[in-house]
Amino acid sequence: MHQISKIKGFTDLIWPEVSKYTYMEDTARAVFSAYGYREIRVPVLEKTELFARSIGEETDIVQKEMFTFPDRKGRLLTLRPEATAGVARAYLDNTMYSREQTTKVFTFGPMFRYERPQKGRQRQFHQVNAELFGTHSPQADAELIAMLWRYLHQLGLTNLELHLNSLGCPQCRPEFSRRLQEFLATQPTQDLCPDCQRRQHTNPLRILDCKVPGCQKSAEQAPKIGDHLCAQCQVHFDSVQKVLQACSIPYVLNSRLVRGLDYYQRTTFEVISRDIGAQSAVAGGGRYDGLVQQLGGPACPGIGFACGMERLALLMDYPPESGPDFYLAVLDPTALDQGQILALGLREQRFQGEVSFEAKGPKSQLRLANKLKARFCLLLGAEELKNKTIVVKDMQSGDQRTWPQSDLPAALGFNS
RNA sequence: GUGGGUGUAGCUCAGGAGGUAGAGCACUUGGUUGUGGCCCAAGUGGUCGCGUGUUCAAGUCACGUCACCCACCCCA
């Protein structure tokens, strides 16, 4: 019989790797709740239309990266490729906008994109996500970015770069796109890659972050969106930067930072690591003031970010190495039951440890205790069973002595 | 979707120009050591990813196929 293997791009998270994920989640809860964010959990499966309408019909994500299939009644469903659309939908479905002026939520969980797997990229991957609805204030942009920065710092990550840009708004961006197209028209067409020759007409902003050398050269000389923001966008962007500076959050302006989801406007940002291979963006986000309305809700601004947990995991040194408090080594089969009873008592006192399920000689038992990095090895043989004692050995110093079983917790060097 | 790389023991990998599978680590047992760590000895463990072909003979050559990895692309 052949084994059934996992499907491409889907991975099992096993220990110790999985402990990084619980740590990221626990840390997110701790940090985000200090900023007033509450947890939200939304479905993994949504109507395809939700993503088509929010992320953008023409984006790569919608065009070729979604897991989409009909349900038993022929309705098109899609495994979420990102979290914001679903959270925005939930915000509307639950009329959360009517409960309070601003709503702060965070979530985490699996996302799905049909891409070729590589380092830092899986078909099922995980994100930590935060969204803030209901305010236009640039202070909110800065607070959200500061929270993200704080979170990454709390995870012990350094050597990260925060890239910042403004994409303008529906007032000023069309004008900039037109100027960009005009500029591109003056460039020799063959300098652009085939993709960009198409984008030139459909989505010219995307050319700015194309990595093909010819396109980069053109992009360098191209007009910058920062020079073409409308007055309100300029004021907004300046304010965001002012707060970030005041909070001592280091960032670099990157006029070529263009996000691949259509709903972003004004502030956008990305956190980059140079230490994890080609997929270097560990977090990204921005303002999406038009999104809620686009989904059929009231005009309601919003801003949010997502962190790629797989990519953060590549940077994390976790869990710290540590062994159990004790290993209870049973030397004689007749003592197996008593071993369990004694371990139960220790565990009730919050000591952490293992009991052997089978009796073995002292030599192999001590080898095992050593391998487990247990602090104490407790040896229980036929003689100890009879005398109601147990041998306690400190694995580090090698010291050992015989203790009454009734007083075992004290033997591990703790009082109560 | 497009490139490139890799698939041999539980793990990391050797196997020059085809001749019936190797090392280190790990594991088991024993010796030594004050009952563990160091050292020594023995032992368990492999349809060489899968299939077809060439050949007297294929881990080794050819073709195909699958899987994984890295990169493009895209993004977190």
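In what follows, every chain begins at residue 1, and chains take the letters A, B, ... in the order their sequences are listed.
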### Query
Where is the tightest heavy-atom contact between A/L328 and A/A343, given as atom of each residue plus distance?
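That closest heavy-atom pairing would be CD1-N, 4.0 Å.
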Which heavy atom in A/F376 sits nearest to a heavy atom in A/L412, and how many Å separate them?
->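 In this case the closest contact between A/F376 and A/L412 is CE1-O, 3.5 Å.
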Between [N] atom [atom2] and [X] atom [atom1], what is the distance in whole Å?
X: A/E82; N: B/A76; atom1: CD; atom2: C1'; answer: 10 Å
X: A/L155; N: B/A76; atom1: CG; atom2: P; answer: 18 Å
X: A/M66; N: B/C75; atom1: CE; atom2: P; answer: 14 Å
X: A/H163; N: B/C75; atom1: NE2; atom2: P; answer: 16 Å
X: A/F10; N: B/C69; atom1: CZ; atom2: P; answer: 13 Å
X: A/H126; N: B/A76; atom1: NE2; atom2: C1'; answer: 13 Å
X: A/N370; N: B/C27; atom1: CG; atom2: P; answer: 11 Å
X: A/I276; N: B/C69; atom1: CD1; atom2: P; answer: 16 Å

Counting the atoms with a prime plus P, OP1 and OP2 as sugar-phosphate, which does [X] contact under 4.0 Å by heavy atoms, base, sugar-phosphate, or nothing?
X: A/L261; answer: sugar-phosphate
X: A/A369; answer: nothing
X: A/G285; answer: nothing
X: A/K360; answer: nothing
X: A/Q365; answer: nothing
X: A/K393; answer: base
X: A/R311; answer: base
X: A/G120; answer: base
X: A/M309; answer: nothing

Taking atom [atom1] in both [N] and [M], what distance in whole Å separates the two?
N: B/G24; M: B/A9; atom1: P; answer: 16 Å
N: B/A21; M: B/C50; atom1: P; answer: 15 Å
N: B/U55; M: B/U60; atom1: C1'; answer: 13 Å
N: B/A23; M: B/A42; atom1: P; answer: 11 Å
N: B/G18; M: B/G31; atom1: C1'; answer: 44 Å
N: B/U52; M: B/A58; atom1: P; answer: 13 Å
N: B/A17; M: B/C27; atom1: C1'; answer: 38 Å
N: B/C56; M: B/C70; atom1: P; answer: 43 Å

* Evaluate the criterion side-chain contact (heavy atoms from CB on, under 4.5 Å) for residue pair A/L366 and A/M395; output intermediate values, then yes/no. => CA-CA 9 Å; A/L366 280 161; A/M395 292 300 287; 4.1 Å; yes
**Request:** Looking only at side-chain atoms of A/F125, point me to the closest of B/C72, B/A76, B/C27.
**Result:**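 For the A/F125 side chain, the nearest candidate turns out to be B/A76.
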Quick one: the side chain of [X] and the base of [N], do they pair up donor-acceptor inside 3.5 Å?
X: A/Q118; N: B/C68; answer: no
X: A/K363; N: B/U32; answer: yes
X: A/R116; N: B/C70; answer: no
X: A/R121; N: B/C70; answer: no

So A/E46 and A/T78, do their side chains get closer than 4.5 Å, heavy atoms only? no
Exercise. Would you say the side chain of A/Y151 lies within less than 4.5 Å of the side chain of A/V128, judging by non-hydrogen atoms?
Worked result: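 Side chain of A/V128 against side chain of A/Y151, heavy atoms only: contact under 4.5 Å found.
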Distance alone, cut at 3.5 Å: any donor-acceptor contact between the side chains of A/E131 and A/Y288?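 Yes.
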We want to know whether A/Q338 and A/Q405 form a side-chain donor-acceptor pair, criterion being a heavy-atom distance below 3.5 angstrom.
yes
Contacts of A/K8 and A/V282 projected onto RNA chain B by closest heavy atom; the upstream (5') one is A/K8
request  = Between A/P117 and A/L379, just flag the one whose closest nucleotide in RNA chain B comes earlier from the 5' side.
outcome  =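 Final value for this comparison: A/L379.
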Of the options A/Q365, A/E354, A/K371, which is the one that meets A/Y327 in a side-chain hydrogen bond (donor to acceptor under 3.5 Å, both in side chains)?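 For A/Y327, the side-chain hydrogen bond (donor to acceptor under 3.5 Å, both in side chains) test succeeds with only one of A/Q365, A/E354, A/K371, which is A/Q365.
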What is the base-pairing partner of [N], counting Watson-Crick and G-U wobble geometry with both distances under 3.5 Å?
N: B/U6; result: B/A67
N: B/C72; result: B/G1
N: B/A58; result: none
N: B/A42; result: B/U28
N: B/G16; result: none
N: B/G36; result: none

Give a yes/no answer on whether the side chain of A/K373 brings an N or O atom under 4.0 Å of OP1 or OP2 in B/G37.
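Answer no for this pair, as no side-chain N or O of A/K373 is under 4.0 Å from OP1 or OP2.
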